[in-house]
Amino acid sequence: MTVDVLYFAWVRERIGVPKETVQTEAATVAGLVEELRAREPRYAAAFEDVSALRVALDQELSDFDAPLEGVREVAFFPPMTGG
Amino acid sequence: MTVDVLYFAWVRERIGVPKETVQTEAATVAGLVEELRAREPRYAAAFEDVSALRVALDQELSDFDAPLEGVREVAFFPPMTGG
Amino acid sequence: MGEVRVQAEAFDAGAELNRFSQTQDGAGAVVSFTGVVRDVAGGLEAMEIEHYPGMTEKAIAGIVEEAQGRWPLTGALVIHRHGRLEPGAQIMMVATASAHRVAAFEAAEFLMDYLKSRAPFWKKELTREGAGWVAAVEADEDALKRW
Amino acid sequence: MGEVRVQAEAFDAGAELNRFSQTQDGAGAVVSFTGVVRDVAGGLEAMEIEHYPGMTEKAIAGIVEEAQGRWPLTGALVIHRHGRLEPGAQIMMVATASAHRVAAFEAAEFLMDYLKSRAPFWKKELTREGAGWVAAVEADEDALKRW
């Protein structure tokens with residue numbers, strides 16, 4: 001399957017792009033993270049500590065155990081600092 | 001001694017004047033209230049239940065046991081409803 | 001640092017908020033509260049607010065000083081009207097500013113709770129059926145125990 | 001009943017407060033919060049706020065809806081800026097209105113607490129020495145436990 005993957009804040013800066021389309025066989029977000037980590041050091045650096053990251057699936061906050069099936073947009077980012 | 005006595009809200013309405021100068025021998029606020037009550041029915045009506053009243057001495061909230069000595073202005077009123 | 005105004009005239013809450021905010025150096029958080037005359041039961045023609053000139057200003061200044069002692073405020077503003085107010089009219093406003101949001105919120109709530117029960121104002125409701133003094137609410141006195 | 005705006009442009013907090021207040025029929029209490037860029041350590045040139053277009057509006061609308069379910073509000077307003085902001089600039093504002101003051105205050109604090117940690121914004125500080133992302137504060141996450 002194909003998903004759009006978005007990165008924000010320092011995750012975006014480490015990976016170097018705000019958005020890319022990814023071909024994945026992963027069943028869960030955690031599986032997708034493993035695939036990305038294996039790609040290149042910049043991904044390994046961005047995903048070094050997933051406890052420091054948050055994930056949204058189709059623009060809803062979710063978690064790393066969540067299934068990817070049917071998801072079109074995955075976003076990775078650090079904890080939010082609004083307000 | 002002589003004190004200015006002020007009345008507010010329904011206390012003022014029952015007594016019929018907003019302010020008067022009173023000659024008193026009372027040592028405390030409670031003593032002054034007794035003297036006023038004895039004057040006329042409109043005072044007795046206003047001071048019927050002092051637990052429903054508040055008192056300020058020289059524009060500071062006080063209580064009915066407080067001494068009157070040195071006080072120039074005594075004000076009686078119901079609980080405040082500001083805000 | 002603290003500004004207190006007791007007045008019969010209407011005020012412009014938005015303009016007051018902007019003016020207040022512009023003078024709060026170092027503030028990261030500005031909170032405002034505006035109180036509005038409500039026609040709760042229907043038929044309210046006006047609210048008449050009596051106060052104790054002289055004591056009112058002193059009592060509010062004392063409440064503002066107490067708030068400034070409890071929270072690190074860059075400033076605080078209280079405006080309270082008296083006289084005849086129609087439904088929908090703004091009765092009063094409070095504004096507080098601080099480096100952090102919790103202090104600004106708490107100080108504004110503290111000011112409101114104390115103004116309700118410790119500033120010498122009395123409200124009278126004028127309706128088609130007659131006039132009546134608004135009774136103090138026990139919950140308002142209880143609210144002071146929080147602080 | 002709930003209005004959400006996510007924008008790069010500055011806003012006029014006072015004008016927004018007045019406009020909001022005028023549409024709150026039955027409200028006796030209007031609370032506003034304005035957040036301002038602070039130069040905490042000295043040397044801040046600007047704050048850059050990144051957000052997640054599309055999700056931001058939805059996330060804030062969800063938080064506003066949650067607040068309206070918890071408190072009897074006549075209305076709520078959230079404005080949040082993104083992009084480059086200089087020290088002293090207003091980042092965001094929240095306004096809530098209700099018949100009673102406690103509901104208006106609590107709903108405004110709830111909105112602020114959730115916007116801090118659940119709306120997809122990220123702040124970057126640009127100083128003379130360089131740039132750094134503002135880290136989320138544990139106290140902000142803890143603040144959500146209150147609700």
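Hydrogens, waters and symmetry mates play no part in the numbers below; they use all other heavy atoms, side chains included.
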Between C:E48, C:K124, C:K123, which residue shows the highest count of heavy-atom pairs closer than 4.5 Å to chain B?
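Most heavy-atom pairs under 4.5 Å with chain B: C:K123.
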
When only pairs under 4.5 Å are counted, which of C:K116, C:M92, C:E141 shares the most heavy-atom pairs with chain B?
C:K116

For B:R54, is it the side chain, the backbone, both or neither that has a heavy atom under 4.5 Å from a heavy atom of chain C?
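When you check distances to chain C, no heavy atom of B:R54 falls under 4.5 Å.
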
With a 4.5 angstrom heavy-atom cut-off, could you sort out which part of B:A9 is near chain C: side chain, backbone, both or neither?
both

Check the surroundings of atom [atom1] in [X]: do more than 12 heavy atoms from other residues, nucleotides or ligands lie under 6.0 Å from it?
X	atom1	result
C:E65	CD	no
B:E34	CD	yes
C:E138	CD	no
C:R19	CZ	yes

Who wins among B:Q59, B:E73, B:E13 for the most heavy-atom pairs under 4.5 Å with chain C?
B:Q59

Sub-3.5 Å donor-acceptor pair from the side chain of C:H80 to the main-chain atoms of B:G82, do we have one?
no

Does B:F8 form a side-chain contact (heavy atoms from CB on, under 4.5 Å) with C:E50? I'd like the steps, not just the answer.
CA-CA 8 Å; B:F8 291 97; C:E50 183 170 335; 3.3 Å; yes

Quick check: do [X] and [Y] have side-chain heavy atoms less than 4.5 Å from each other?
X	Y	result
B:P78	C:W133	no
B:L61	C:R118	yes
C:P120	B:M80	yes

Nearest heavy-atom neighbours spanning B:T81 and C:V134:
CG2-O, 3.5 Å

Evaluate the ring planes of C:Y52 and B:F77, with Trp represented by its six-membered ring, and classify them as parallel (under 30°), tilted (30 to 60°) or perpendicular (over 60°).
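The rings of C:Y52 and B:F77 stand perpendicular, inter-plane angle above 60°.
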
Answer with side chain, backbone, both or neither: which region of C:A59 has an atom nearer than 4.5 Å to a non-hydrogen atom of chain B?
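Neither part, no heavy atoms under 4.5 Å.
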
Could you look at C:H51 and say if it's the side chain, the backbone, both or neither that has a heavy atom under 4.5 Å from chain B?
backbone

Is B:E60 paired with C:K58 through a side-chain N to carboxylate O contact shorter than 4.0 Å?
no

